[in-house]
Amino acid sequence: MDRQKAINAVADFLAAVGEDPTRDGLKDTPARVADMYEELLSGQGKTAQEHLAKTFNVSSGDIVIEKDIAFSSVCEHHLMPFFGKIAIAYIPDGKVTGLSKLARTVEVYSHRLQLQEQLTSQIAQAVYDYLSPKGVMVICEAEHTCMTCRGVKKPGSKTVTYATQGDFPQQKIAEVFALLK
């Protein structure tokens, strides 16, 4: 990220909405906003490969589920936050990864400008590509501030998306949803 360019853009934005970016309450705001977006978008250009490379051999092919992985992201349509929880379920094919590595995978893909549908698919694809399970399923439930704070203004409404990769039979999908309730 070009920090100085971001700082200038925020100052220009403040001026465009009728504010004085040099007044006491706002003089440090452009830098703070630039730093905030650098953190929120820190997954840009990264993959989960390094996180999912650490594996352990297993003989079981039973489903592994990591649920309630909290995340926040930034909607690419309005640059407003959305947040919620993600569950990752996968059927190992001889190896598993550390549970923290699944949470780190969520961080990589949530820390960029996103759409919820895309986020869900990217995580599923990354787990499938880098962990090589028989199948993977990712479920994402999120609240979007672009719906709760502006526009239709419906606080508490949530959007649920899910994506699968590989061989994740319909019966197993139903089992995962049942286990997550």
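Here the structure is a predicted model, which means the values were calculated and not measured.
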Side-chain contact test, heavy atoms from C-beta onward, threshold under 4.5 Å: evaluate it for [X] versus [Y] and give yes or no.
X	Y	result
Tyr162	Thr164	yes
Val138	Val106	no
Met137	Lys172	no
Met80	Cys149	yes
Ser110	Leu119	yes
His77	Leu115	yes

Can you tell me how far apart [atom1] ([X]) and [atom2] ([Y]) are? Round to the nearest 0.5 Å.
X	Y	atom1	atom2	result
Arg3	Asp35	CZ	CG	4.0 Å
Ile69	Arg104	CD1	CZ	12.0 Å
Gln44	Lys46	CD	NZ	10.5 Å
Asp68	Leu180	CG	CG	8.0 Å
Glu66	Ser100	CD	OG	9.0 Å
Ile91	Ile65	CD1	CD1	10.0 Å

TODO: Assess whether atom CZ of Phe177 is packed by more than 12 heavy atoms of other residues, nucleotides or ligands within 6.0 Å.
DONE: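 Counting neighbours around CZ of Phe177, more than 12 heavy atoms of other residues, nucleotides or ligands fall under 6.0 Å, so yes.
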Which pair of non-hydrogen atoms, one from [X] and one from [Y], has the smallest distance, and what is that distance?
X	Y	value
Val58	Pro92	CG2-CB, 4.2 Å
Val136	Ala124	CG1-O, 3.3 Å
Val127	Pro133	O-CD, 3.4 Å
Lys27	Thr22	CB-O, 3.9 Å
Glu141	Phe71	O-CE2, 4.2 Å
Leu102	Tyr90	CD1-CE2, 4.0 Å

Do [X] and [Y] belong together in a cluster built from hydrophobic side chains that touch within less than 4.5 Å?
X	Y	answer
Val96	Leu131	yes
Val10	Leu41	yes
Ile63	Leu179	yes
Leu14	Leu79	yes
Ile139	Phe168	yes

Flag, side chain of [X] to backbone of [Y], donor-acceptor distance under 3.5 Å:
X	Y	value
Thr145	Pro81	yes
Gln116	Thr159	yes
Gln114	Tyr109	yes
Tyr130	His51	no
Thr97	Lys54	yes

- [ ] Give me the ring orientation class for Phe82 and His144: parallel if the planes are under 30° apart, tilted from 30 to 60°, perpendicular past 60°.
- [x]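 Phe82 vs His144 ring planes: parallel.
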